[in-house]
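Comments concern the structure below.
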Amino acid sequence: VAPTAILDVRASFGRFTSYFPYALIEAGFTAQDLGMKHMIHAPTSQNSHPPRFQLDQFTDVFQNNANHFNWNTDNQWNVVPSLTMTRGTKTIKLGLDLVYAARGSGSVGYSNGWFQFTRKWSQRFPLRAGNNTDGAGVADLLMGLANSGQLDWNDTYYRSWPYFGFFLQADWKMRRNLTLNLGLRYDVQMPFVERWDRQNLGFDFEAENPISEAVLARWRTLKAQYDATNPRFPYPDPPAAIRGGKTFIQPGGSRRVYQTDWQNIQPRLGLAWLFAPRTVLRTGFGIYHRTATGTGYTDGFSQTTDYMESLDGGITPSAGFTGRYSLEDPFPDGIIRPSGRELGLLTNVGRAVSFDGRQRPIPRTFQYSFGLQRRTLWNVLLDASYVGSQTVHDSVPYDMNFYRREAIEQGRAVANYMDRTISNPFYGVLPSNATLGASATVAARELYRHLPGFQGITMQTNPWGRYRYDSLQLR
């Protein structure tokens, strides 16, 4: 555009489709061939291939990934206009980085099931592991006693998001032996939108769950009956209400799962100084932001049915060689059907749940270096550098529904206080394929949670993680 200015405009579109099967489906081998007579699979699977068996200390059997198969397509549109100008000893470059990206997925998860065999049921104490020779995963498999498992009925998704970036860079040769590099970048990573709004929006800790009245009525009845027998420890006191539940993107509301982080300012500085003959000092500093990778949760749209490995809090297995919960019939109450957003706060009640908070500060890394280069005899170049970095705002999971403090202290003082088996107030109220609705008894610890309607409530996006790297590099 001028003798000392160059305008460069680049545009591109890219599509990448990947399909990776993680099981030899064409072999025609089925779960029924293994003796799993009543093993079911999700409608998203078109065959009865055996479930994945994850075996302690051994390679997985029948499948080798968290999905029966992975099927994804990524699209990206990119426009990058930039202008480079020369002004005397300075070279200045500025521009924009504009991106629109989308991903569609047809991955089905564990549509044919997954079972994990650890040492839990063959070790001496099921709730406490011993040494390396205490129990064996193979022994648990031979007994047909899985430690955990699940069956997935997953929906597809199509997520899209824009990205905007502005950058400015200046290279200034201040003197014959001194060069300064200055830069600034500003990014805005917009949270994604799912085309059909099939996303959770978070978790409401204050809302009263629709099961509250029925559960509390049964809870009070069970407590009165239990305490009338003069037990060593009383039945746990009922809360004022059963609270909590998953929330969803609603028509007319915000379609983005996360709030936008507008703080992604990234200055950069570099210096090269020939301060003595044949000796150069180089130093630099910069802030860089990671590409956001959070995908949120789709409970209700993609649904997991958990395997009930125990009905008394992990003290004894739920399965025998045959019958309910055995490998012949591991999901006797069927698969949980996806309900979309229709169940509202009832979605996955009685189970452990996870959610992403709406805040999403992008992890940022501070990088810095300082080094000396010296050319010695016989033209040998020696280079010594310190290179370091610190990353902050990384996501850390945190269970926000742990046991109440007074119950933990009592459990430390008295053995088995938390593990004793008592009548279950959720039984008969929740469906039998919900974890808390599967058995007439429950480990007492489950009723000492702050929100007893859920076995765990894990927030995955607490920005508390940080780590540091330091190195001395010689060559």
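Each residue takes its place number in the sequence, starting with 1.
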Any side-chain to backbone donor/acceptor pair from Gln189 onto Arg290? Under 3.5 Å, distance only. yes
Is it the case that more than 12 heavy atoms not belonging to Phe233 sit under 6.0 Å from its CZ atom? yes
State whether a side-chain donor-acceptor pair under 3.5 Å links Gln116 with Ser148. yes
Quick one: side-chain contact (heavy atoms from CB on, under 4.5 Å) partners of Pro210, sequence neighbours excluded? Leu345, Leu346
Go through the steps for Arg185 and Asp97 under the test salt bridge (Lys or Arg N to Asp or Glu O under 4.0 Å), then give the verdict. CA-CA 10 Å; Arg185 186 179 182 94; Asp97 190 359; 3.1 Å; yes
Going by an N to O cut-off under 4.0 Å, is there a salt bridge joining Asp134 and Arg124? no
Closest heavy-atom pair and its distance - Ile315, Pro126: O-CG, 3.4 Å
Looking only at side chains, do Tyr403 and Arg449 share a donor and an acceptor under 3.5 Å apart? yes
Can you list the steps and then say if Ile422 with Tyr226 is a side-chain contact (heavy atoms from CB on, under 4.5 Å)? CA-CA 9 Å; Ile422 58 177; Tyr226 186 86; 3.9 Å; yes
Is there a donor-acceptor pair closer than 3.5 Å between any side-chain N or O of Arg255 and the backbone N or O of Arg195? yes
Student check: side-chain heavy atoms of Leu447 and Lys223 closer than 4.5 Å: no
Roughly how far apart are Thr247 OG1 and Phe205 CZ, rounded to 0.5 Å? 10.0 Å
Does any N or O in the side chain of Glu194 come within less than 3.5 Å of the main-chain N or O of Gln199, such that one atom is a donor and the other an acceptor? no
Minimal heavy-atom distance between Arg358 and Val257, with the atoms involved, is NE-O, 3.1 Å
Over all heavy atoms of both residues, which pair between Asp227 and Tyr235 is shortest? Give the atoms and the distance, please. OD1-N, 2.9 Å
How many angstroms lie between OG1 in Thr295 and CD in Gln460, if you round to the nearest 0.5 Å? 10.0 Å
What's the separation between atom CD in Gln303 and atom CG in Asn433, rounded to the nearest 0.5 Å? 9.0 Å
Within a 6.0 Å radius of atom CD on Gln359, are there more than 12 heavy atoms belonging to other residues, nucleotides or ligands? yes
For the student: nearest non-hydrogen atoms of Tyr448 and Ala407, plus distance: CG-CB, 3.6 Å
Evaluation steps, side-chain contact (heavy atoms from CB on, under 4.5 Å), between Phe426 and Val349: CA-CA 10 Å; Phe426 294 92; Val349 65; 5.9 Å; no
Distance-minimising heavy-atom pair for Gly320 and Ser326: O-CB, 3.2 Å
Looking only at side chains, do Thr30 and Asp33 share a donor and an acceptor under 3.5 Å apart? yes
Where do Phe355 and Met459 land on the side-chain contact (heavy atoms from CB on, under 4.5 Å) test, with the steps shown first? CA-CA 5 Å; Phe355 73 99; Met459 181 178 177; 3.6 Å; yes
For a 4.5 angstrom cut-off between non-hydrogen side-chain atoms, does Ile242 reach Pro452? yes
Would you say Tyr469 and Ser471 are linked by a side-chain donor-acceptor pair, where the criterion is simply a distance under 3.5 Å? yes
How long is the gap from CG on Asn154 to OG1 on Thr298, to the nearest 0.5 Å? 6.5 Å
Does this structure show an ion pair linking Asp140 with Arg119, if we count only N-O contacts that are shorter than 4.0 Å? no
Please check this pair: side chain of Ser48 against backbone of Ala31, looking for a donor-acceptor N/O pair closer than 3.5 Å. no
Can you classify the ring geometry of Tyr307 versus Phe331 as parallel (below 30°), tilted (30 to 60°) or perpendicular (above 60°)? perpendicular
Would you say Tyr297 and Asp356 are linked by a side-chain donor-acceptor pair, where the criterion is simply a distance under 3.5 Å? no
Under a plain distance cut-off of 3.5 Å, with no hydrogens placed, do Thr461 and Ser395 share a side-chain donor-acceptor pair? no
Do Arg445 side-chain atoms and Gly313 backbone N/O form a donor-acceptor pair below 3.5 Å? yes
Distance-only donor-acceptor check, side chains Arg52 and Tyr110, under 3.5 Å: yes
How long is the straight-line distance from CD of Gln263 back to CD1 of Ile362, given to the nearest 0.5 Å? 10.0 Å
Parallel, tilted or perpendicular: which describes the rings of Trp77 and Phe13, with under 30° parallel and over 60° perpendicular? tilted
Classify the angle between the aromatic ring planes of Phe69 and Trp71 as parallel (below 30°), tilted (30 to 60°) or perpendicular (above 60°). tilted
Hey, does the side chain of Asn424 reach the backbone of Ser439 with a donor-acceptor pair shorter than 3.5 angstrom? yes
Indicate yes or no for a side-chain donor-acceptor contact from Arg243 to the backbone of Glu206 under 3.5 Å, with no hydrogens or angles considered. yes
Please check if the side chain of Thr365 supplies one atom and the backbone of Thr391 the other of a donor-acceptor pair under 3.5 Å. no
Counting only N and O atoms by type, is there a donor-acceptor contact under 3.5 Å from the side chain of Arg341 to the main-chain atoms of Ile249? yes
Would Val80 and Leu98 count as a side-chain contact (heavy atoms from CB on, under 4.5 Å) here? Give the steps. CA-CA 6 Å; Val80 184; Leu98 309 176; over 6 Å; no
So do Asp333 and Met308 actually touch side chain to side chain, heavy atoms under 4.5 Å? no
Nearest heavy-atom approach of Ser122 to Ala136 is OG-N, 2.9 Å
I'd like to know if the side chain of Thr260 and the backbone of Trp262 have a donor-acceptor N/O pair within less than 3.5 Å. no
Taking the ring centre of each residue, are Trp196 and Phe301 less than 6.0 Å apart? no
Are side-chain heavy atoms of Thr156 and Arg198 found at a separation under 4.5 Å? yes
For Tyr288, does the OH atom sit with more than 12 other heavy atoms under 6.0 Å from it, leaving out its own atoms? yes
Report yes or no: is the cationic atom of Arg420 (NZ for Lys, CZ for Arg) closer than 6.0 Å to the six-membered ring centre of Tyr417, at no more than 45° off its axis? yes
Check this for me: does any side-chain nitrogen of one of Arg360 and Asp261 sit under 4.0 Å from a carboxylate oxygen of the other? no
What's the spacing between Phe285 CZ and Ser369 OG if we round to 0.5 Å? 11.0 Å
Taking atom types as modelled, find out whether Ser302 and Asp155 have a side-chain donor-acceptor pair closer than 3.5 angstrom. no
Gln150 and Asp152: CA distance, side-chain angles, deciding distance, side-chain hydrogen bond (donor to acceptor under 3.5 Å, both in side chains) verdict: CA-CA 7 Å; Gln150 68 186 63; Asp152 294 336; 3.0 Å; yes
Hey, is Asp329 close enough to Arg324 for a salt bridge, meaning N to O under 4.0 Å? no
Phe192 six-ring face occupied by Arg159 cation (under 6.0 Å, within 45°): yes
